[in-house]
Amino acid sequence: MILPAIWTPVRIAWTPDSAPSETAISNATRLLEAVKGAVPDWAGRGDWPTVCLHWSKAKVEIEVYDDMYQLCQFDPVDHATITVLDFETSAEGLSELIKAAGFTDQLQPG
């Protein structure tokens, strides 16, 4: 699968042989388009054929499945505590995810 241009600044950590599913990539593309200025530090493949998007500075990771988004927020103090929230891939679910991740007007989570 050829990735759309929105992926150009993202460091991809998978190979064509170990790529996430096309549906997960499509859902991740919708997320990247919704938060255009918030380029993740990297994108990798999860245990399932998912897309993992990681913003190191904000301590946020979003795992994108075929049928949902999973937001993982790492506690800024102890770094071991993780809050995990699931969101549907609908337009409403994507909007709720963006709010829960704390994307600001500067389009950086935090």
Side-chain angles (χ1 to χ4, degrees):
M1 174 180 204
I2 297 173
L3 296 174
I6 194 81
W7 286 89
T8 302
V10 180
R11 185 169 53 97
I12 304 295
W14 68 70
T15 65
D17 294 341
S18 67
S21 74
E22 288 189 24
T23 303
I25 291 172
S26 177
N27 289 336
T29 299
R30 287 181 47 230
L31 172 59
L32 292 175
E33 290 170 348
V35 296
K36 288 179 184 160
V39 177
D41 299 306
W42 56 267
R45 181 182 186 267
D47 291 334
W48 298 95
T50 59
V51 175
C52 294
L53 301 170
H54 189 78
W55 288 265
S56 298
K57 186 176 178 183
K59 298 184 181 12
V60 169
E61 183 173 289
I62 298 174
E63 188 161 5
V64 185
Y65 293 79
D66 287 355
D67 61 349
M68 74 172 182
Y69 297 102
Q70 186 173 75
L71 170 65
C72 299
Q73 294 174 304
F74 300 88
D75 186 283
V77 177
D78 72 10
H79 308 292
T81 303
I82 302 171
T83 301
V84 178
L85 301 169
D86 295 338
F87 301 87
E88 296 178 3
T89 56
S90 64
E92 182 179 342
L94 181 57
S95 177
E96 291 172 1
L97 166 66
I98 290 167
K99 289 177 190 170
F103 284 93
T104 65
D105 292 336
Q106 291 78 32
L107 297 175
Q108 291 298 321

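Residue Glu61 holds its CD atom at 11.0 Å from CG of Asp41, rounded to the nearest 0.5 Å. Between atom CD1 of residue Ile25 and atom CD1 of residue Ile12 there is a gap of 8.0 Å, rounded to the nearest 0.5 Å. The NZ atom of Lys59 lies 8.0 Å from the NE2 atom of His54; values are rounded to the nearest 0.5 Å. Taken from CG in Leu31 to CZ in Phe103, the straight-line distance is 6.0 Å, to the nearest 0.5 Å.
Residue Tyr65 belongs to a hydrophobic cluster whose other members are Trp48, Met68, with links defined by side-chain heavy atoms closer than 4.5 Å. Summarising the hydrophobic clusters (Ile, Leu, Val, Met, Phe, Trp, Tyr; side-chain heavy atoms under 4.5 Å, direct or chained), the residues clustered with Val77 are none.
Judged by distance alone, with hydrogens and angles left aside, the side-chain atoms of Arg45 form a donor-acceptor pair with the main-chain N or O of Ser18 at under 3.5 Å. The backbone N or O of Ala100 sits less than 3.5 Å from a side-chain atom of Gln73, completing a donor-acceptor pair. Proximity of a side-chain donor or acceptor of Trp55 to a complementary backbone N or O of Ala38 within less than 3.5 Å is detected.
The two atoms that bring Ala34 and Ile98 nearest to each other are CB-CD1, 3.5 Å, heavy atoms only. Nearest heavy atom pair, residue Val60 against residue Ala101, reads CG2-O, 4.4 Å. In terms of heavy-atom proximity, Asp66 sits nearest to Ala24 at OD1-N, 3.2 Å. Here the closest non-hydrogen pair linking Cys72 and Ile82 is CB-CG2, 3.9 Å. Across all their heavy atoms, Ala43 and Trp7 have their closest contact at CB-CZ3, 3.8 Å.
Listed by chain and number, the residues in a side-chain hydrogen bond (donor to acceptor under 3.5 Å, both in side chains) with Thr83 amount to none (sequence neighbours excluded). Residues passing the side-chain hydrogen bond (donor to acceptor under 3.5 Å, both in side chains) test with Ser26: none are found, sequence neighbours excluded. Legend: residues meeting side-chain contact (heavy atoms from CB on, under 4.5 Å) with Thr8, ordered by chain and number and at least two apart, are Ala5.
Dense packing is recorded around CD of Glu33, with more than 12 heavy atoms of other residues, nucleotides or ligands lying under 6.0 Å away.
Under a hydrophobic clustering in which Ile, Leu, Val, Met, Phe, Trp and Tyr are joined whenever their side-chain heavy atoms come within less than 4.5 Å, directly or via other members, Val10 and Val64 fall into the same cluster.
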Side-chain donor-acceptor pairs under 3.5 Å in residues 84-97, sequence neighbours left out?
unit_1 : atom_1 : unit_2 : atom_2 : d
Asp86  : OD1    : Gln70  : NE2    : 3.1
Ser90  : OG     : Gly93  : N      : 3.0

